[in-house]
K.L.:
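Pasting in a structure now, in structure tokens, and then I'll have a few things to ask.
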There are 2 protein chains.
Amino acid sequence: MRLFAHRGYEATTLQAVAEVVGISKQAILHHFRSKEELHAAVLAELVGHWQRTLPQLLLTAGATKVRFDAVFSELLAFFARDPDRARIVLRELLDRPEESRKLLKDVVGPWMEAIAAYIRVGQERGVHRAEVDVEAYLVQVLQIAMAGTATAEVTSVLLGEGTAGRERFAKELARIAQASLFTPRHANAEISARSTHKEGT
Amino acid sequence: MRLFAHRGYEATTLQAVAEVVGISKQAILHHFRSKEELHAAVLAELVGHWQRTLPQLLLTAGATKVRFDAVFSELLAFFARDPDRARIVLRELLDRPEESRKLLKDVVGPWMEAIAAYIRVGQERGVHRAEVDVEAYLVQVLQIAMAGTATAEVTSVLLGEGTAGRERFAKELARIAQASLFTPRHANAEISARSTHKEGT
DNA sequence: GATAAAACTTACCACGCGGTAAGGCGCGCC
DNA sequence: GGCGCGCCTTACCGCGTGGTAAGTTTTATC
């Protein structure tokens, strides 16, 4: 996974994988009938992990805003914990559009609809802005969490190296996601509630 | 460029390029000393086009909000006009982090600082939210415009095929970018000003 | 402790890749 | 009108790739 994520499928040779793992190339071909199958297994493992993690992530108890915070930061942490996840998914989207479409439709689609429904309730209650195109919003947030993490190593040249840059990235992304979702009153309440932690506006 | 963008550097063979172009593989190697040099030329062409386009894009006259709209939609259009631009840049970020850092620092950095300064003026005037981390904000917006365009073919499975999906994507991105940048009053003014075009809230 | 299956190695192969060498061809120029 | 020089082709090459075949070691099982 590390190699596929960093160099891409084509640029990753079985030989290189073997060396990293510490066995021979043919040992790999013993466990996986082909390079393609190995790649599929890596992807399946990733999707599996996701599907095991996501439910409990979404079911974390708490009030509306707290839950938003929890889910959102957990989503970001999921990618940040291992940026290769973001990289490999992004590569997959670029390299195999057709297969990705199916995967997106089948595994992301349902979850997105669930969260979308949740947001729509908030819209009716006036907590979330009425103008939000819920699905589009979710796609964007998901996408920037992913792409942002995948390219963090590079964009750090603009935002600062190490944790400092990542912190800025994460914080601003959270701010954007909130500011564009919650109605001004709620958003302000949220922001002032947060800033008391450090700055105390 | 089309091939590099779609399949990536490694997966693109000189033979394939030759067939598309309609000449022999060696004819390519006559004009470019190596595959690597061809790739560099493609990238240089892209960067050149960008640097030729960007200035006049940013100098489009108009008031604050109108200018934001113009610049923003033009940025999106730049990628949407040819999604391969977004794809190839994204691939470059993934495939060659080191080289990308330099490029980002040298060609994107200055422009970003210029726009950032502009936004900061808006912050002092109260038009733009004070909490915005300007550089981080710009990176996010740029990133999602790029990643969104690059993966539009795939995410269309969630947002709808063809122009409909792209329209939703573009509209929501614009909304997010505005809602999270402008102070609520200004944002609302902006939104209601726009909606008169079609809906008349 | 025999046996069988799983895990792995050694040896090998065809193929397609990027790249080199050398020659032909046509066009402009004095 | 020949001469040089880009432009492109044909022929060829070494190399590393993913993959196969067959043999060897390790492990589990009773």
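The chains referred to below are lettered A, B, ... by the order of the sequence lines, with proteins before strands, and numbering in each begins at 1. Please read all numbers here as calculations on a predicted model, not as lab measurements.
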K.L.:
Can a salt bridge be assigned to the pair B/R2 and B/D84 using a cut-off of 4.0 Å between side-chain N and carboxylate O?
P.N.:
no
K.L.:
For A/R7, look at atom CZ and say whether over 12 heavy atoms of other residues, nucleotides or ligands are found less than 6.0 Å away.
P.N.:
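It does not: A/R7 CZ has 12 such atoms or fewer within range.
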K.L.:
A/Y9 has an atom OH; how far is it from atom C1' of D/dT17, in whole Å?
P.N.:
11 Å
K.L.:
Check the distance between D/dT20's C1' and A/H30's NE2 and give it to me in whole angstrom.
P.N.:
15 Å
K.L.:
Could you state the CZ-C1' distance from B/F32 to C/dT20, rounded to the nearest angstrom?
P.N.:
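B/F32 atom CZ is separated from C/dT20 atom C1' by 19 Å.
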K.L.:
According to the interplanar angle, ranging from 0 to 90°, do the rings of B/W50 and B/F79 count as parallel (below 30°), tilted (30 to 60°) or perpendicular (above 60°)?
P.N.:
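Ring orientation of B/W50 relative to B/F79: perpendicular.
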K.L.:
Closer to the 5' end of DNA chain D via nearest nucleotide, is it B/S24 or A/E36?
P.N.:
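Taking each residue's closest nucleotide, the earlier one in sequence belongs to B/S24.
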K.L.:
Using heavy-atom distances to pick each residue's nearest nucleotide on DNA chain C, tell me which of A/H31 and A/K25 is more 5'.
P.N.:
A/H31
K.L.:
Report which part of the nucleic acid A/L14 touches: base, sugar-phosphate, or nothing (heavy-atom distance under 4.0 Å, all strands).
P.N.:
sugar-phosphate
K.L.:
How many Å lie between CD1 on A/I28 and C1' on C/dC8, as a whole number?
P.N.:
12 Å
K.L.:
Ignoring hydrogens and angles, does a donor from either the side chain of A/Q15 or the base of D/dG16 sit under 3.5 Å from an acceptor on the other?
P.N.:
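Side chain to base: no pair below 3.5 Å.
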K.L.:
Any idea which of C/dG18, D/dT9, C/dC12 is nearest the A/Q26 side chain?
P.N.:
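Of all the options, the side chain of A/Q26 is nearest to C/dC12.
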K.L.:
Could you tell me how far apart A/I23 (CD1) and C/dA7 (P) are, to the nearest whole angstrom?
P.N.:
11 Å
K.L.:
D/dG16 C1' sits how many Å from A/R7 CZ, rounded?
P.N.:
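Rounding to the nearest Å, CZ of A/R7 and C1' of D/dG16 are 14 Å apart.
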K.L.:
Examine distances only and state if a side-chain atom of A/R166 and a backbone atom of A/A152 form a donor-acceptor pair shorter than 3.5 Å.
P.N.:
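No; zero donor-acceptor contacts below 3.5 Å.
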K.L.:
Nearest to the side chain of B/L29, which nucleotide is it out of D/dC8, C/dT20, C/dT9?
P.N.:
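Among D/dC8, C/dT20, C/dT9, the one nearest the side chain of B/L29 is C/dT20.
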K.L.:
Check the phosphate of D/dG18 against A/S34, side-chain N and O only, distance under 4.0 Å to OP1 or OP2. Yes or no?
P.N.:
no
K.L.:
Round to a whole Å and report the spacing from CG of B/L38 to C1' of C/dG19.
P.N.:
14 Å
K.L.:
Are any of the side-chain nitrogens in B/R120 or B/E113 under 4.0 Å away from the carboxylate oxygens of its partner?
P.N.:
yes
K.L.:
Can you find a donor-acceptor N/O pair under 3.5 angstrom joining the side chain of A/K35 to the base of D/dG19?
P.N.:
no
K.L.:
Could you tell me how far apart A/H39 (NE2) and D/dT17 (P) are, to the nearest whole angstrom?
P.N.:
18 Å
